[in-house]
Every structure is written in C-alpha cells, then in structure tokens.
There are 2 protein chains.
Amino acid sequence: MAEKDRDVLTREEGAVRRGFGPTMAEVAALAGVTKMTVSRVLRQPQKVNPDTRERVSSAMASLGYVPNRLAGSLTSGATGLIAAIVPTLRHSIFADVLEGLSDVISDAGLDLFVSFSSYRTDVEEGQIHSILERRPDGLVLTGLTHTIASREILRSFGVPVVETWETSEAPIDMMVGFSNRDAAHAMTSELIRAGYRRIAFVNGSPRNNERARLRAEGYLTAIAEAGLSAPPIHVVEHDADIGPEIGGRALMAVRQQTPDVDAIFFTSDIFAVGAILACRELGIGVPDQIGIAGFHDLEIGRVVSPTLTTVHVPAIEMGRKAGHMLLGRLSNASASPGRHDLGFSLVLRESARRTKG
Amino acid sequence: MAEKDRDVLTREEGAVRRGFGPTMAEVAALAGVTKMTVSRVLRQPQKVNPDTRERVSSAMASLGYVPNRLAGSLTSGATGLIAAIVPTLRHSIFADVLEGLSDVISDAGLDLFVSFSSYRTDVEEGQIHSILERRPDGLVLTGLTHTIASREILRSFGVPVVETWETSEAPIDMMVGFSNRDAAHAMTSELIRAGYRRIAFVNGSPRNNERARLRAEGYLTAIAEAGLSAPPIHVVEHDADIGPEIGGRALMAVRQQTPDVDAIFFTSDIFAVGAILACRELGIGVPDQIGIAGFHDLEIGRVVSPTLTTVHVPAIEMGRKAGHMLLGRLSNASASPGRHDLGFSLVLRESARRTKG
DNA sequence: CCCCGCTATGATACCCGTAACATACATAAT
DNA sequence: ATTATGTATGTTACGGGTATCATAGCGGGG
C-alpha cells in the first residue's frame with residue numbers, strides 16, 4: 001500500500017520519465033496489486049489467480065507496458081543475450097553460422113548480439129571486453145586464435161564460450177568445427193589423384209588465424225606424401241574487404257613465380273572464382289591447362305563456369321551446434337565442455353576435373 | 001566509509017556472487033575511494049585527480065574488473081545498443097546493410113543487436129516487442145511494411161527508428177533508401193530500349209512487402225508507357241530460404257505461360273542467375289533468345305556467364321546512412337526525422353545486351 | 001582576513017525489476 | 001478442533017551502477 005501511494009504521488013508530481021513507457025509499479029497501481037504480482041503475471045502466470053491475472057493483463061495493455069529487461073537481468077543474473085563475433089559478413093561464410101545460431105537460440109527466447117572483428121584479434125579483444133560488460137549468457141567466437149588477454153578474461157569470467165571452425169586444439173571452453181588440416185589434405189590429395197603434379201596453394205595470412213596455418217599444414221603434408229614438391233605458398237594479406245580480384249591477382253603472381261604450375265588450391269572460393277574469371281580472360285584453360293580448387297562451398301562456386309571444385313564446410317551446422325551447446329550449458333551449468341567435429345566434404349566439380357592428363 | 005565497511009563485510013561473510021566478477025564497490029574499497037570515484041574514472045577521467053585515477057585503475061586491473069553495463073544503463077537510460085531486424089542473412093543483400101551500419105555505430109561505441117524476421121511481419125512484431133524490452137537507443141528496420149501494432153508501439157515508445165529500402169511513403173520516424181518503383185521502371189525501360197518487346201516480370205510476394213509491390217508498379221508503368229502489353233506477373237512465394245533453383249523454375253513457368261517472352265526481369269539476382277543457369281542447360285541463348293535482368297547487384301551476377309544486367313542498390317550506404325541518422329538523433333534529440341533517397345543505378349552487362357534485334 | 005569559485009570527492013537516493021521470505025486465508029488430513 | 005498443506009499475495013532488500021547535490025580544501029581578489 002505504502003508503495004502504491006508513493007508511486008501515485010510520483011506520477012501526480014509530474015515527474016518526467018527519463019526512460020521509456022510506464023513501469024511495473026504503475027501497472028501494479030492501476031491493477032490494485034504490488035509489483036511482485038505483476039512480475040508473477042509475466043514470469044509465472046500459473047501462480048496468479050485468474051481474476052487478478054486478467055486485471056493485471058488489462059492494466060498492462062491499457063498502459064502499453066513493456067517490461068524493462070535491464071532491470072530484470074540485473075537481479076536475475078541472466079540476460080538472455082548471446083554474443084557472436086565474426087570477422088565479417090561480406091560473404092556468406094560467416095553469415096551462415098549466424099543464421100544457424102540465431103535459428104536455435106531464438107527458439108529458446110535468447111537474442112543475438114553481433115560484432116565484426118575484421119579478422120583482427122586485437123579488435124576482437126576490445127569487443128570481448130565491451131561484450132562482457134553486457135553480461136551475455138554465452139559467447140560464440142570464430143576460430144581458435146585469440147589474444148592471451150582474451151582467453152584469460154573469458155576463462156576467469158566463466159561465461160560459456162563456443163569456439164568454431166576448428167576442432168583439434170585446446171579450446172577456451174567448448175568447440176565445434178572440423179579439421180582444416182584434414183580438409184586441406186583431402187583436397188590436395190584429390191588434386192593429385194586427378195593428375196595434377198605441380199600444385200600451388202594460395203593462403204590467407206596464418207599470422208592471426210589458425211585456420212590458414214592448419215590448412216597450409218594439410219596441404220604440405222599431402223604434397224610430401226605424394227613425393228611431390230610444393231611451390232612457395234602464396235600468402236594473401238587481406239582484411240574484411242575480400243573480393244574475387246584478389247584471386248585473379250594471386251593467379252598471375254603464382255604463374256609468374258611458378259610457371260609450370262598446373263593446379264592452384266585457394267583457401268577460399270572467393271579467390272578461386274576470381275582466378276577462374278582471370279583464366280577466362282587470359283585464355284587459360286580450366287581445368288585442363290590449370291586446375292582450380294576452392295574452400296567453403298559458396299554459391300558463387302556453383303554459378304561460375306567452369307563450376308568450382310571446393311571443400312564444403314558445415315557453416316550452418318556449426319552455428320546450430322554452437323547454439324545447442326550453449327543451451328545445454330545454460331540448462332545444466334555443469335555440462336561437460338564438449339568438442340564436436342562436424343566434418344567436411346569434397347565437392348568435385350568441373351574446375352579440377354581433368355579430361356586429359 | 002559506512003558503505004565501504006558494509007561491502008568488505010559482505011565479502012568476509014563469504015557471500016557467493018551470483019553474477020560475474022568483482023563489482024565497482026570492491027574496486028572502490030581496494031582503492032580506498034567510493035564507487036562514485038570509480039565511476040568517474042570510467043566515464044569522466046579528467047575529473048579525477050591523476051593520483052587517485054592511477055590508484056583506481058590499478059585496483060580495477062588487479063581485480064579484473066569489468067563494469068556491468070546493465071546496471072549503468074538502468075540509471076543512465078542509455079544502453080548503447082542499436083537493434084536491427086533483417087529478413088535473412090542467406091545472401092549478402094541485407095548483410096551489407098548490417099556491415100555498413102555496424103561500421104558507423106561501432107565507431108561511436110554502440111553495439112549491434114540483430115534479429116531475423118524471415119520476411120514475416122508477424123514475426124517481426126514479436127521481435128520488436130522483445131527488442132524494446134532491452135531498451136535500445138535505436139532501431140533499424142528493413143522495409144516500410146510492418147504490422148499496425150508494430151508501428152504503434154514504436155511510435156508510442158519514441159525510440160529512434162530508421163526504415164530502409166524505400167523512400168516514398170510515410171515512415172514511422174526516419175527513412176533511408178531508394179525508389180523501388182523508379183528502379184523497376186528504369187530497368188524495364190532499359191530492356192525495351194535494348195529491343196525486347198515481350199518482357200515478363202518475376203516478383204516476390206507483394207503481400208508482406210512494399211518493395212515487391214512498388215517494383216511491380218514501376219514495371220507495369222514502363223510497359224504501358226511503351227505501348228506494350230505485360231504478360232501476367234509471375235509471383236514467387238518464398239521465405240528466407242532463397243536459392244537460384246527458384247529462378248530456374250520461374251523461367252520455365254513463365255515460358256510455358258508466355259511462350260513468346262523475349263526477356264525476363266527478376267526481382268532478385270538470385271533468381272536471375274538461376275534462370276541463366278537453366279537457360280544454359282536448356283540451350284536457350286542469353287541474351288539473344290531471351291534477355292535476363294536482375295535486382296540487387298550481388299557478386300554472383302558478376303561471376304555468372306553471361307554476366308548479369310541488374311539494378312545496383314546502395315546496400316552498404318543505406319546501413320551507413322541509417323547509422324548516421326541514429327547518431328544524429330542521439331546527439332540531438334530534436335533532430336528532424338529525415339528521409340534520404342540514396343538512388344540506384346543500372347548495371348548493364350551481357351545478359352540483356354542484345355546483339356541482334 | 002573574508003568571500004568567491006573551482007576542484008576533488010563523498011553521501012544519498014534512485015533506476016526497475018526479482019529473489020527470498022513472510023503473511024493471510026482456505027482447504028485437507030488427523 | 002488442530003495441525004499440516006497449499007494458494008495467493010505482500011514485504012523487504014537488494015542487483016550494480018549513476019544523477020544530483022553536498023562538502024572539504026585551496027588559491028586568488030579586494
């Protein structure tokens with residue numbers, strides 16, 4: 001009662017509301033109950049008498065009440081927020097992960113919060129700090145390469161974390177992905193099987209990115225196993241602004257350095273497609289004169305001519321699995337960390353299908 | 001002092017912390033100041049004596065303090081959160097808007113919060129409610145078509161809202177985009193200029209989407225102005241799961257219904273590219289036997305052969321502009337609503353470049 | 001030497017909910 | 001009739017910050 005009066009008084013004094021809309025106290029006053037009952041109508045309706053519930057509901061409706069989750073989360077300790085950091089959305093590689101993730105968590109009533117790191121771990125570190133200030137219930141990171149400070153703060157904070165896109169190393173917490181090393185190894189072996197002998201590899205920078213490093217390992221191993229020699233790996237330094245032109249330029253650079261190259265394995269379809277277009281312009285025959293393979297299985301690889309041989313990665317599935325892992329942890333705090341290998345598959349299309357050897 | 005003691009006491013009693021990490025009060029105790037001074041070190045460092053500042057900073061560092069923004073936002077009324085609702089990330093159309101938006105707002109220290117509506121206004125309405133519970137500082141919506149309830153709650157709540165992808169109608173608040181009608185009109189006129197006379201239009205469902213409706217208007221107007229007649233518009237019902245195959249099927253359906261069709265204007269590059277691939281398989285010559293045009297200017301249109309004639313839309317710019325509009329409003333609450341037409345451009349490539357008339 | 005104004009810091013109240021416990025009845029079990 | 005068991009609602013005390021106003025110390029002008 002005291003509370004109700006106080007609140008009515010506040011309104012009558014004409015206090016200007018800083019925030020938006022009416023508060024739970026106002027709804028309570030209108031319905032003739034306390035805040036606690038209003039809160040129950042929202043969280044545990046079955047614990048409220050149907051008549052009361054109805055009165056409260058119509059009070060909420062008539063005032064246009066929208067609960068303030070900031071306040072709720074402050075006490076309850078749960079924000080219902082999942083944060084994700086991806087390098088970029090410029091191509092669908094990481095967008096698919098977000099779609100899968102969103103799909104799963106939104107069914108559980110959680111919301112998604114996104115940051116773009118531009119492939120930079122230092123940027124990522126700042127974003128992690130900023131994200132933790134919002135106390136998310138979980139975090140999804142891209143890759144396993146993070147600054148030491150990032151790993152430490154995440155560990156000490158104890159937030160559930162899922163790292164994606166790899167599976168072999170020691171994660172901060174949970175992990176879902178596939179073996180980039182095996183995938184690169186498999187594709188390289190496939191190129192060899194198809195008859196190529198002088199196979200170059202165009203990679204992203206392995207400096208801030210374990211995917212690139214592991215793919216290089218897989219490539220080199222496969223080459224060595226076949227008793228072949230590997231031309232120097234061509235490293236493409238890039239930020240988020242990736243485009244096919246880069247692949248075209250890489251093609252020319254590789255051919256200049258290694259004139260007898262007969263196949264190029266690109267670390268991304270984006271580059272591989274650029275190389276195919278460049279070959280078309282330069283009159284270089286794909287796949288006979290040069291074989292081209294990519295990574296990611298993007299739509300452009302299906303659309304280009306000749307169609308692109310590539311590695312299919314389980315992007316959507318990684319997002320979905322990451323979501324399920326977080327949900328599992330949230331409903332059972334002591335759930336085991338969990339590491340999941342979702343595998344990959346080779347997609348053999350025209351660009352590396354040699355018709356004559 | 002009293003406060004400090006109380007807090008130390010709490011710690012000594014061994015109270016288990018529900019949330020994460022140390023609180024501002026603990027930092028204050030360690031530094032021998034009050035919470036208020038710690039707060040100032042974070043928000044207005046220049047108001048704190050350098051010595052004190054240093055003591056507080058090292059206390060924060062040694063405890064691994066991460067401020068709780070939920071608590072801060074509750075009082076300050078600002079969350080530093082911008083929410084965006086897009087239909088999907090399946091193709092880069094909307095992803096580009098998010099990139100542009102994120103780019104601008106993250107420089108201002110704001111974070112991004114994303115929901116996927118799957119092109120459904122009823123889903124969007126639920127998401128708007130959920131979003132408002134988090135009290136974002138601003139909201140970016142895709143398109144102008146929203147449920148009445150959505151428009152009402154947003155208006156009454158008074159959050160800054162930017163609607164995107166159109167420019168001609170009455171927005172909830174602010175708006176940035178281009179004229180879908182004019183764009184469709186321009187492309188249709190271009191097809192006519194190029195010599196096509198029996199031009200079909202393949203559209204998305206105009207039911208929940210003013211973009212589709214306005215593009216149809218532009219198309220029909222251009223056809224009428226040229227004294228031609230329009231074949232029945234082929235409507236593709238789709239959800240977020242859009243793929244090129246849909247375009248291939250649409251091509252066959254249109255050719256069946258209108259055998260003398262000599263050009264098809266698709267409402268998205270995704271469909272147009274699918275049609276080009278289908279034509280290749282069916283042995284239909286593009287652009288001579290049939291002209292194909294798309295919308296959006298996606299990368300696949302640059303990569304497919306023949307390359308795709310399309311409408312370039314200012315996706316990244318819309319995102320950036322939306323960000324700037326929100327920032328403007330946040331720094332000056334009375335800033336005018338603002339409507340911005342960013343225009344479009346035709347990209348004439350091979351798929352509608354007739355070599356013989 | 002007094003008052004002014006500025007700087008640095010503190011005290012207090014409050015933001016808007018929820019957890020946890022208390023209370024008031026009503027009904028069921030003994 | 002008495003106690004146990006529920007059900008419906010209220011009371012109280014925070015959660016972890018920030019706005020606001022108060023206060024102490026200090027140099028300068030008259």
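Since this is a predicted model, take the numbers as computed values, not measurements. Convention: sequence-line order gives letters A, B, ...; per-chain numbering from 1. Heavy atoms only: backbone and side chains are in, while hydrogens, waters and symmetry mates are out.
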### Query
For D:dT9, does either OP1 or OP2 sit under 4.0 Å from a side-chain N or O belonging to A:Thr52?
yes

### Query
A:Glu133 CD to D:dG15 P: how many Å, rounded?
20 Å

### Test side chain to side chain contact (heavy atoms under 4.5 Å, CB included) applied to A:Glu163 and A:Met174, A:Arg339, A:His146, the passing residue
A:His146

### Task
To the nearest Å, give me how far apart CG (B:Leu42) and P (C:dT9) are.
15 Å

### Message
From the set C:dC16, D:dA8, D:dA19, return the single nucleotide nearest to any side-chain atom of A:Asn49.
### Response
D:dA8

#### Entry: Phosphate OP1/OP2 of C:dG10: any B:Thr37 side-chain N/O under 4.0 Å
yes

### Query
Atom CG of B:Leu74 to atom P of D:dG17: distance rounded to whole Å?
12 Å

### Message
Is there a side-chain contact between A:Tyr65 and the phosphate of C:dG17, meaning an N or O under 4.0 Å from OP1 or OP2?
### Response
yes

### Query
Which part of the nucleic acid, if any, lies within reach of B:Val48 when heavy atoms closer than 4.0 Å are counted: base, sugar-phosphate only, or nothing?
sugar-phosphate

### Query
Over how many whole Å does the gap from A:Leu70 atom CG to C:dC16 atom P extend?
10 Å

### Task
Scan B:Val140, B:Leu154, B:Ile128 and name whichever one has a side chain to side chain contact (heavy atoms under 4.5 Å, CB included) with B:Val161.
B:Leu154

### Task
Find out whether A:Met325 and A:Lys321 are in side-chain contact, i.e. whether some heavy atom of one side chain is under 4.5 Å from a heavy atom of the other.
yes

## Note on the structure
Shortest non-hydrogen pair, B:Pro136 vs B:Thr79, comes out as CA-OG1, 3.5 Å

### Summary
To the nearest angstrom, the CZ-C1' distance between B:Arg134 and C:dG17 comes to 14 Å

## Note on the structure
One would report the end-axis bend of the helix from C:dC1-D:dG30 to C:dT30-D:dA1, five pairs per end and rounded to 10 degrees, as 40°

### Query
Tell me: CG of A:Leu132 to C1' of D:dG16, nearest whole Å?
16 Å

### Message
Looking at B:Arg43 and D:dG17, is any side-chain donor or acceptor paired with a base atom of the opposite kind under 3.5 Å?
### Response
no

### Query
Below 4.5 Å, heavy atoms only, C-beta onward: do B:Leu139 and B:Ile131 meet side chain to side chain?
yes

### Query
Which nucleotide in the list D:dT11, D:dG16, C:dG10 gets nearest to the side chain of A:Met36?
D:dT11

### Summary
B:Glu26 CD to D:dG15 P, in whole Å, measures 11 Å

### Query
So does B:Thr75 get a side-chain nitrogen or oxygen closer than 4.0 Å to the phosphate oxygens (OP1/OP2) of D:dT18?
no

### Task
Look at the side-chain N and O atoms of A:Ser39 and state whether any lies under 4.0 Å from the OP1 or OP2 oxygen of C:dT18.
yes

### Query
Under 3.5 Å, is there a donor-acceptor pair between the B:Ser130 and A:Asp111 side chains?
yes

### Task
Would you indicate which nucleotide in C:dG10, D:dG17, D:dT11 comes nearest to any side-chain atom of A:Thr34?
D:dT11

### Task
Mark yes or no for a side-chain to base donor-acceptor pair under 3.5 Å between A:Arg135 and D:dG16, with no hydrogen or angle criteria applied.
no

### Message
So which atom in B:Phe116 and which in A:Glu99 form the shortest heavy-atom distance, rounded to 0.1 Å?
### Response
CE1-CA, 4.5 Å

### Message
Do A:Leu89 and A:Leu98 have side chains that approach each other closer than 4.5 Å (heavy atoms only, starting at C-beta)?
### Response
yes

### Message
As a test of reading the structure: which of C:dG17, C:dT18, D:dG16 is closest to the side chain of B:Ala71, going by heavy atoms?
### Response
D:dG16

### Query
Please give, in whole Å, the distance from C:dA20 P to A:Arg40 CZ?
13 Å

